[in-house]
Structures are given as structure tokens and as C-alpha cells.
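One is the number of the first residue; the rest follow in order along the sequence. What's counted below: heavy atoms across the whole structure, side chains too, no hydrogens, waters or symmetry copies.
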Amino acid sequence: MESNNSPLNQTKLVHPNNNHDHEQNATLEIESDEFDYSKRSQWLRAAVLGANDGLVSTASLMMGVGAVKQDIKAMILSGFAGLVAGACSMAIGEFVSVYSQLDIEIAQLKRDKNIENSNNIEDVVIEKESLPNPLQAAAASALAFSIGAMVPLLAASFIKDYKLRVGVVLVAVSFALVVFGLLGAVLGKAPVLKSCLRVLLGGWIAMAITFGLTKLIGSSGL
């Protein structure tokens, strides 16, 4: 009877439970190490859309101006104006959008946690830290837009011949569209070919419409 009550036997009885807890903790750690790609959706959307918008809108603007004015200075100035205006627009739009989302999520968090009557404020603070950041989203959008817009600007900056300049811009923009489509597909674990084709065709259509309509209006003498 005394041996059954000894500390050694008590330790043997408790030890399996400790092993079980250790295995559960190890499993949780492994699961936490597995990255959830859906968490990338917010910043990935802002980055990819920002870069793609900067690339397509600036290139389309430069192609449209180039349709009626072959002067390199006019083409570069229009592209630079598009870069600055687009980056500011993207930053403001993303800031307002994400801030609205933040207000909604904080309001829902207050309702769920009942902050006014809660004694554990630390849990609420930790959850707030995981909420979207409007300033980060705005900065990411503006930076991504600027990076995309720099592609057609750099491609056209050092080429004086009009036809060669338009061709180089088209090739550079097409290559960048494929890269952006590939990057978005890889980071988001999406089909690569479908993503690249979608981005490439969308960019071509935008540039063709802008070039065609501007050429039509310019040739009509308006």
C-alpha cells in the first residue's frame, strides 16, 4: 500500500498526461507554422492592383498622347503626370477604403468582446494589432503604382524615334504585365498561365482603346 502512494508512482501516473500535452503543443506549433495564403490577400491585392494600374494607366496615357503628338517631351510629361496623379489617387483611395474597413472591424470587435465591461483588455489590444493598417495600405498602393508607372517612362525616355519608341514601350509594358501576372499567381498560389494571360490581355485592350480613341479624336480636328 505504501508503494502505491510513493512519489515515484504518482509521477508515473502524471507523466503520460504531460506527454500528451507536449504532443498537442507541438502539433499546434506545426500548424501555426503552416502559412495561410489567404492572409496575403489584402496586401497582395493592393500591391498587384497598384503595380498593374500604374503600368497600364501610365502606358495607356503615354500611348494616347503619342497618338496625336510624336514629340518625346509631350509623351514623357504625360507619363510623369500620370504617375504622380495616379500614385496620389491610389494612396488616398486605399487609405479611405481600409480605414472604413478598420472602423467596421473595431466596432464588431467591441460588440464581441464588450470592452466596456471586459476585465481583460490585453486580449482586445492584441486583436486590434492584427487589424488592417490604413497607412501601410496607402503607402503600399502608392509605391506599387509608382513602380509600375516607371516601366513605360524609362522605356520611352531615351528613344527619339517615334515608331521605335512606341514599339519599345509596348514590348516593355507587355513583359512587365507578364511578370506582374506571374508574381501575383505565385504569391497567391493561383494558376500561372491564366493569371498572366488575363493581365496581359487586359493591358493590351486598355492601351489599344486609349490609343485608338485619342487618334480618332485628334484626327477629327477637335
Side-chain angles (χ1 to χ4, degrees), residues 41 43-97 137-138 140-188 190-222:
S41 60
W43 67 265
L44 179 61
R45 177 185 62 85
V48 172
L49 286 180
N52 188 71
D53 285 350
L55 178 67
V56 174
S57 62
T58 304
S60 298
L61 181 60
M62 293 174 63
M63 296 287 281
V65 172
V68 294
K69 285 192 175 184
Q70 300 183 4
D71 183 18
I72 185 174
K73 184 176 180 180
M75 200 171 183
I76 296 301
L77 285 177
S78 64
F80 180 76
L83 185 156
V84 176
C88 293
S89 177
M90 286 290 294
I92 295 172
E94 194 69 19
F95 180 84
V96 172
S97 175
S141 295
L143 179 61
F145 187 96
S146 300
I147 292 174
M150 287 299 297
V151 173
L153 274 173
L154 292 176
S157 295
F158 307 102
I159 303 176
K160 293 183 178 181
D161 183 74
Y162 170 71
K163 292 183 179 180
L164 179 60
R165 188 192 323 134
V166 172
V168 170
V169 169
L170 182 60
V171 171
V173 170
S174 299
F175 177 77
L177 286 171
V178 173
V179 172
F180 289 149
L182 176 64
L183 181 62
V186 170
L187 292 177
V192 174
L193 181 59
K194 185 181 295 184
S195 176
C196 292
L197 288 176
R198 180 169 58 244
V199 174
L200 181 61
L201 291 177
W204 282 352
I205 292 172
M207 288 187 291
I209 293 175
T210 306
F211 183 89
L213 291 178
T214 308
K215 188 75 172 179
L216 178 63
I217 295 175
S219 62
S220 65
L222 295 178

Side chain to side chain, [X] and [Y], heavy atoms closer than 4.5 Å:
X: Val56; Y: Leu177; value: yes
X: Ser57; Y: Phe145; value: yes
X: Leu200; Y: Trp204; value: yes

Closest heavy-atom pair and its distance - [X], [Y]:
X: Leu55; Y: Pro152; answer: CD1-CD, 3.8 Å
X: Ile159; Y: Ile72; answer: O-CD1, 3.3 Å
X: Ser141; Y: Glu94; answer: OG-CG, 3.2 Å
X: Met63; Y: Met207; answer: CG-SD, 4.4 Å
X: Leu153; Y: Leu83; answer: CD1-CD1, 3.6 Å
X: Ala149; Y: Thr58; answer: CB-OG1, 3.2 Å

Can you measure from [atom1] ([X]) to [atom2] ([Y]) and round to the nearest 0.5 angstrom?
X: Met90; Y: Leu143; atom1: CE; atom2: CG; answer: 11.0 Å
X: Ile76; Y: Arg165; atom1: CD1; atom2: CZ; answer: 7.5 Å
X: Lys160; Y: Asp71; atom1: NZ; atom2: CG; answer: 11.0 Å
X: Leu197; Y: Leu193; atom1: CG; atom2: CG; answer: 4.5 Å

Exercise for the section: Ignoring hydrogens and angles, tell me if any N or O in the side chain of Ser195 forms a donor-acceptor pair with the backbone of Val192 under 3.5 Å. Expected result: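 It does not hold such a pair.
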Practice task
Report yes or no: does Ser97 contribute a side-chain atom to a donor-acceptor pair with the main-chain N or O of Gly93 at less than 3.5 Å?
Solution key: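 Between the backbone of Gly93 and the side chain of Ser97 there is no qualifying donor-acceptor contact (under 3.5 Å).
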Exercise for the section: Could you tell me whether Phe175 atom CZ has more than 12 heavy atoms of other residues or ligands within 6.0 Å of it? Expected result: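 Counting other residues, nucleotides and ligands, CZ of Phe175 stays at 12 neighbours or fewer.
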Practice task
State whether the number of non-hydrogen atoms from other residues, nucleotides or ligands found under 6.0 Å of Phe95 atom CZ is greater than 12.
Solution key: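 Enclosed: over 12 neighbouring heavy atoms sit under 6.0 Å from CZ of Phe95.
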